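Have a look at the structure below before the remarks.
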Number of protein chains: 2
Amino acid sequence: MRARLLEATVDCLVERGFAGTTTTLVSERAGVSRGAQLHHFPTKNDLVVAAVEHVTMVRADELRAAVAGVPSGERRTRQVLQVLADHVTSPAFTAALELWVAARTDPTLLAAVAPLEKRVGRETHRLTVEALGADEEVPGIRELVQATLDLVRGLGLADTVTDDRRRRARILDRWAEVLDERLGVAG
Amino acid sequence: MRARLLEATVDCLVERGFAGTTTTLVSERAGVSRGAQLHHFPTKNDLVVAAVEHVTMVRADELRAAVAGVPSGERRTRQVLQVLADHVTSPAFTAALELWVAARTDPTLLAAVAPLEKRVGRETHRLTVEALGADEEVPGIRELVQATLDLVRGLGLADTVTDDRRRRARILDRWAEVLDERLGVAG
DNA sequence: AAACAAACAGTCAAGCCTGACTTTTTCTGC
DNA sequence: GCAGAAAAAGTCAGGCTTGACTGTTTGTTT
C-alpha cells in the first residue's frame with residue numbers, strides 16, 4: 001500500500017514534475033483511495049519526500065550492485081563513471097531534481113530534504129571512493145571524487161533539457177583518463 | 001515597461017520558483033497593469049522565456065566583462081573558474097534552472113527553451129575556451145572544457161540545496177591544477 | 001481640433017488543487 | 001458471533017490562478 005503510493009508518486013514526479021503531481025492523481029494511479037493516502041501521508045510534502053527517499057534507497061542498492069559487477073582492469077574507471085552517468089539519467093535522479101528545485105523555495109520541504117540529501121551525498125561519496133579505489137589520504141584526491149560527482153550531476157541536469165548521449169560519453173571518456181592518471185599517482 | 005516586467009519575473013522565479021510565479025504577482029511587482037502585461041506577453045510561458053532570455057543576455061555581458069578583467073598569469077585559470085562559479089550561483093542561473101525543470105514536463109515551454117539553451121551553451125563554451133586559452137585543435141581539450149562547464153553546472157545545482165562555498169572552492173582549486181597541466185601540454 | 005488606433009487598467013468567471021469531513025468496509029479481540 | 005476500532009472510500013468546500021472581457025487613457029494622423 002505504502003509502496004504503491006510511493007512508486008506512483010515517483011512516476012508522477014518524473015512525468016509531470018512537482019507542480020503537476022497532485023495528491024489526487026497519485027491516489028488514482030496507485031489505486032488507493034484519497035482517504036487512505038491521507039492516512040499514510042497527511043500532506044503532499046510528506047508524500048513526495050517519502051517517495052524520493054524510497055526511490056533513493058532502492059537506487060542505492062542498484063548502484064552498489066552495479067559497481068560490484070564491474071570487473072577490475074583497464075577500463076574499470078570508465079565503467080564506474082558509466083554507472084554514475086546511468087544513475088543521473090534515471091527516474092530516481094529526475095525525481096530528486098524535481099524535489100531539489102521545489103525545496104529551494106519551500107522552507108518546509110527544504111527542512112525535510114536537506115538532511116536526506118546530506119545522508120545520500122555522504123553515502124554516494126563513500127561508494128564512489130570505494131568503486132574507484134581512490135586513496136583519500138592523498139591530498140586532492142577527495143576533491144577529485146567530489147568533482148566527479150558534481151560533474152555527473154551537471155551532466156544529469158543537462159540531460160533533462162537536451163539528451164545528448166554521445167557528448168556525455170566523450171566527456172566521460174576524457175574524465176576517466178584524468179582520473180586514472182591522478183588516482184594512481186600521488187596528487 | 002518590458003524591462004520592468006522581465007526583471008520582476010526573474011525576481012519571482014528566484015524567490016518563489018516557477019510554480020510560485022504568477023502573472024498577477026509579476027504585474028504587481030513590476031508596477032504594470034494586468035492588461036499591459038497581457039499585451040506584451042500573452043501567456044505565462046511567453047513571459048518567463050523572455051525573462052530568462054533577457055537575464056541570460058545581460059549575464060553574458062557581465063561574464064565577458066569579468067573574464068576580460070582577469071589578469072593573465074599564474075592563477076588565471078583558477079580565477080576564470082571562479083567567474084564561472086559565480087555565474088552558477090547567480091540569480092540568472094537560478095532562474096534558468098527553474099525554467100529547465102519546468103520545461104522538462106511542459107512541451108510548449110520546452111519548444112521555446114531548447115533553442116535558447118543551445119545558443120547560450122555554444123556561446124558560453126566559446127567564451128570559456130577563449131578565457132582559458134584552450135587549443136581545441138588538441139584532441140581531448142574540447143571535452144575538458146565541456147566537462148568544466150558541466151562541473152560548474154553541477155556545483156550550481158548543489159548550491160541551491162546546500163550552500164557550501166568552501167567545498168566549492170577546494171574542488172575548483174583542484175580542478176584548476178588539472179586544467180593548467182592539461183591545457184598547456186598536448187592532451 | 002477631432003477621430004481613430006493602440007496601449008493600458010480593472011474586473012471576473014471558470015477551472016483546479018488541497019485537505020477536511022462523513023460513510024462504509026474490514027479486521028481483530030472477546 | 002458480535003462489537004469496536006482502524007483503514008479505506010467518496011464527497012465537498014475553500015482558496016487560488018489564469019486569461020478573457022470591458023472600459024479608459026494616450027498619442028498620432030488628418
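Numbers restart at 1 for each chain; the letters A, B, ... are given by sequence-line order, proteins then strands. This structure is a prediction, so every number in the text was calculated from the model and none was measured.
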Taking CZ from R34(A) and P from dT18(C), how many angstroms apart are they, rounded to a whole number?
8 Å

Rounded distance in Å - CD (Q37(B)) to P (dG10(C)):
13 Å

Steps toward salt bridge (charged side-chain N to carboxylate O under 4.0 Å, His left out) verdict (D150(B), R167(A)):
CA-CA 11 Å; D150(B) 283 310; R167(A) 171 177 168 281; 2.7 Å; yes

Closest to the side chain of A36(A), out of dC8(C), dT18(D), dA8(D), is dA8(D)

Using ring centroids (six-membered ring only for Trp), state whether F18(A) and W100(A) fall under 6.0 Å.
no

Nearest whole Å is fine: how far is dA20(D) P from L38(B) CG?
7 Å

I need the residues from residues 39-49 of chain B with at least one non-hydrogen atom less than 4.0 Å from DNA chain C; give them sorted by number, or say none.
H39(B), H40(B)

To the nearest 0.5 Å, tell me how far T89(B) OG1 sits from D163(B) CG.
8.0 Å

Is there side-chain contact between V26(A) and T21(A), with at least one heavy-atom pair below 4.5 Å?
yes

Which parts of residues 4-18 of chain A get close to DNA chain C, meaning a heavy atom less than 4.0 angstrom away?
none

Could you tell me whether the phosphate oxygens of dG10(D), OP1 or OP2, come under 4.0 Å of any side-chain nitrogen or oxygen in S33(A)?
no

Let me know the distance between CZ of R2(B) and P of dA7(C), rounded to the nearest Å.
12 Å

Is there a side-chain contact between L97(B) and L157(A) (heavy atoms, below 4.5 Å)?
yes

About how many Å separate CG of D180(B) and CZ of R182(B), when rounded to the nearest 0.5 Å?
12.5 Å

Distance alone, cut at 3.5 Å: any donor-acceptor contact between the side chains of Q79(A) and R76(A)?
no

With a 4.0 Å cut-off on N to O distance, would you call E130(B) and R64(B) a salt bridge?
no

